[in-house]
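Proteins come first, then strands; the chains are lettered A, B, ... in the order of their sequence lines, and each starts at number 1. This is a predicted model, so every value here is computed, not measured.
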Amino acid sequence: MPELPEVETVRRTLESRILGARVDRAAVRRRDVIEGPATARALLEGDEVASLRRRGKQLAILGSSGRVALVHLGMTGSLVASDAEPPADDPHVHAVWKLRTTSGAAVWMRFRDPRRFGGLWTLRSPGALEQRWKDLGPDGLDITGPDLVNALGPSKRPVKAALLDQRAVAGVGNIYADEALFLAGIHPARRCRTLRADEWARLSDALRGVLLASIQQGGTTFRDFVDGEGRGGGYQARRLVYGRGAEPCLACSGRLRSVTIGGRTTVYCPTCQPSRRSSKPVIHRPFTVGGELGVVIRPDLGLPRVNEVAGSLTHR
DNA sequence: AACACCGCCTGAGCGC
DNA sequence: TGCGCTCAGGCGGTGT
């Protein structure tokens with residue numbers, strides 16, 4: 001499920017392969033996944049790949065002419081570069097590029113998306129890209145407590161539902177919303193307006209931390225996700241709550257609960273994430289020690305420690 | 001204006 | 001073995 005860490009992983013793996021490469025051919029196999037002109041030229045044929053940029057879950061490939069191919073992977077989308085041409089009979093490959101790298105090697109890149117929740121946009125210029133991105137909130141890797149207060153402070157929505165709003169923070173999906181709320185010790189159904197500044201700060205720390213930690217593992221592969229080289233990620237082994245409904249909490253050993261909030265499956269620990277603020281400290285909740293968050297998780301299980309997550313935060 | 005909710009789409013997983 | 005059902009969810013559109 002490509003969220004920010006997965007898309008960033010794709011961006012990095014593709015960048016190492018196709019940056020500077022010339023697009024010899026661009027071919028559309030399924031027109032209705034593309035918005036904007038679906039011509040070879042609009043899909044960067046004749047251009048060199050000038051840069052790959054990401055905002056939230058969206059990945060932009062900028063060409064030397066200024067044209068932009070913008071990709072959203074949706075639920076099941078993948079963008080993979082390889083030495084081989086993708087099979088012509090794969091009904092889920094919607095666009096194919098043939099590139100030549102600076103060293104002269106041929107590389108095939110294909111956009112594949114069985115469920116077609118994703119898509120491809122062709123844009124004329126970097127300015128058009130900025131225009132498309134202007135409605136997105138700050139990128140999840142940059143999010144701060146004040147950003148969240150600013151976007152969501154007065155909202156009556158459950159905080160879990162609000163975190164999925166890309167106008168508030170770009171790049172967070174169901175997996176990392178649940179993970180971050182657990183790390184921050186915040187109940188997912190709490191209304192935004194009941195959160196205090198210190199809780200928003202803790203939540204923004206948890207979000208940046210979990211997103212960064214996942215990027216370091218190459219993202220989360222639950223079913224479909226693969227990076228730009230076709231490899232799966234490793235963060236699924238470090239999940240704390242997502243997909244673990246009714247299993248024991250890794251912090252307190254209580255039973256995790258699975259509910260629906262904002263139409264999304266939501267897993268949380270009723271003990272570690274109390275539904276109202278309590279003056280009683282929860283011992284395994286993230287806490288600050290010498291400027292770093294404390295350890296929450298049982299290291300014997302090989303799962304992430306919050307201070308490991310925070311380690312990557314402190315040098316931001 | 002803010003928020004809730006539907007429908008798009010396919011494949012995996014499950015019960016029988 | 002195979003069939004049919006449910007579920008997964010990002011996001012845009014529509015309804016309240």
Side-chain angles (χ1 to χ4, degrees), chain A residues 1-10 29-36 54-60 70-79 89-95 110-121 131-137 139-140 148-181 188-195 207 211 214 219-226 232-233 235-236 239 241-247 256 258-268:
Chain A
M1 274 148 246
E3 303 178 29
L4 186 156
E6 290 74 37
V7 179
E8 177 61 17
T9 299
V10 171
R29 291 192 185 176
R30 189 177 176 121
R31 188 156 293 248
D32 63 5
V33 304
I34 298 179
E35 247 178 69
R54 181 193 58 75
R55 177 84 172 267
K57 304 172 191 175
Q58 300 183 31
L59 179 62
L70 178 63
V71 181
H72 194 297
L73 298 175
M75 283 286 294
T76 54
S78 61
L79 196 58
D89 61 352
D90 184 337
H92 303 311
V93 171
H94 307 313
R110 89 284 186 287
F111 173 61
R112 186 174 189 273
D113 186 12
R115 255 156 102 181
R116 279 177 274 138
F117 274 27
L120 200 48
W121 288 258
Q131 188 63 22
R132 264 203 71 87
W133 279 357
K134 75 176 191 328
D135 291 334
L136 293 176
D139 191 73
L148 292 177
V149 171
N150 183 48
L152 304 173
S155 168
K156 296 175 186 171
R157 309 161 79 185
V159 59
K160 160 65 187 281
L163 286 179
L164 301 179
D165 185 342
Q166 302 299 297
R167 291 166 303 188
V169 44
V172 179
N174 207 34
I175 297 176
Y176 300 108
D178 280 7
E179 297 296 296
L181 285 164
R190 281 186 55 195
R191 307 278 157 178
C192 288
R193 65 196 304 177
T194 71
L195 269 68
L207 280 167
L211 295 171
S214 180
T220 298
T221 297
F222 230 71
R223 185 167 297 156
D224 303 290
F225 170 70
V226 290
Y235 198 73
Q236 62 281 359
R239 281 172 302 129
V241 288
Y242 179 85
R244 299 193 60 246
E247 290 180 35
L256 297 178
S258 183
V259 296
T260 299
I261 295 174
R264 296 286 177 270
T265 301
T266 301
V267 183
Y268 69 100

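A donor-acceptor contact closer than 3.5 angstrom links the side chains of A:Ser78 and A:Arg110.
The distance between atom CG of A:Asn174 and atom P of C:dC7, rounded to the nearest whole Å, is 15 Å. The nearest whole Å value for the distance from the CD atom in A:Glu35 to the P atom in B:dC8 is 17 Å. Going from atom CZ of A:Phe117 over to atom C1' of B:dG11 covers 12 Å, rounded to whole Å. Summarising the geometry, the separation between CG on A:Leu136 and P on C:dG10 is reported as 15 Å, rounded to the nearest angstrom. Atom C1' of nucleotide B:dG11 and atom CZ of A:Arg112 are separated by 11 Å, given to the nearest angstrom. Distance, A:Asp178 CG to C:dG10 P: 10 Å, rounded to whole Å. Look at CG on A:Asp32: it is 14 Å from P on B:dC8, rounded to the nearest Å. Rounded to an integer number of Å, the gap from CZ of A:Arg193 to C1' of B:dA1 is 14 Å.
Between B:dG11 and A:Thr76, no contact under 4.0 Å exists linking OP1 or OP2 to a side-chain N or O. Between A:Tyr242 and the phosphate of C:dG9, there is a side-chain N or O to OP1/OP2 separation shorter than 4.0 Å. Under 4.0 angstrom from either OP1 or OP2 of B:dG11 there lies at least one side-chain N or O belonging to A:His92.
A:Glu3 places no side-chain N or O within 3.5 Å of a backbone atom of A:Lys57 that could act as its donor or acceptor partner. With hydrogens and angles ignored, the 3.5 Å screen pairs a side-chain donor or acceptor of A:Gln166 with a backbone N or O of A:Leu164. Judged purely by atom type and a 3.5 angstrom limit, A:Glu179 has no side-chain atom pairing as donor or acceptor with the backbone of A:Arg239. At distances below 3.5 Å, not a single donor-acceptor pair connects side-chain atoms of A:Arg115 with backbone N or O atoms of A:Met75. No side-chain donor-acceptor contact under 3.5 Å links A:Gln58 to the backbone of A:Leu73.
When the nearest nucleotides of DNA chain B are assigned to A:Pro114 and A:Arg264 by heavy-atom distance, the more 5′-ward of the two goes with A:Arg264.
Note on the helix from B:dA2-C:dT16 to B:dC16-C:dG2: angle between the axes of the first and last five pairs equals 50°, rounded to 10 degrees.
Remark: A:Phe111 CZ to A:His94 NE2 distance equals 6.0 Å, nearest 0.5 Å. With values rounded to the nearest 0.5 angstrom, A:Leu59 atom CG is found 11.0 Å from A:Thr9 atom OG1.
Annotation: side chain of A:Leu4 is in contact with side chain of A:Asp139 (closest heavy-atom distance under 4.5 Å).
Among the protein residues, A:Arg116 comes within range of the sugar-phosphate backbone only, with heavy atoms under 4.0 Å from sugar or phosphate atoms but none that close to a base.
The base of B:dG11 does not come close enough to the side chain of A:Arg115 for any donor and acceptor atom to sit less than 3.5 Å apart.
For residues 152-159 of chain A, proximity to DNA chain B is found at A:Ser155, A:Lys156, A:Arg157, defined as any non-hydrogen atom under 4.0 angstrom from a strand atom.
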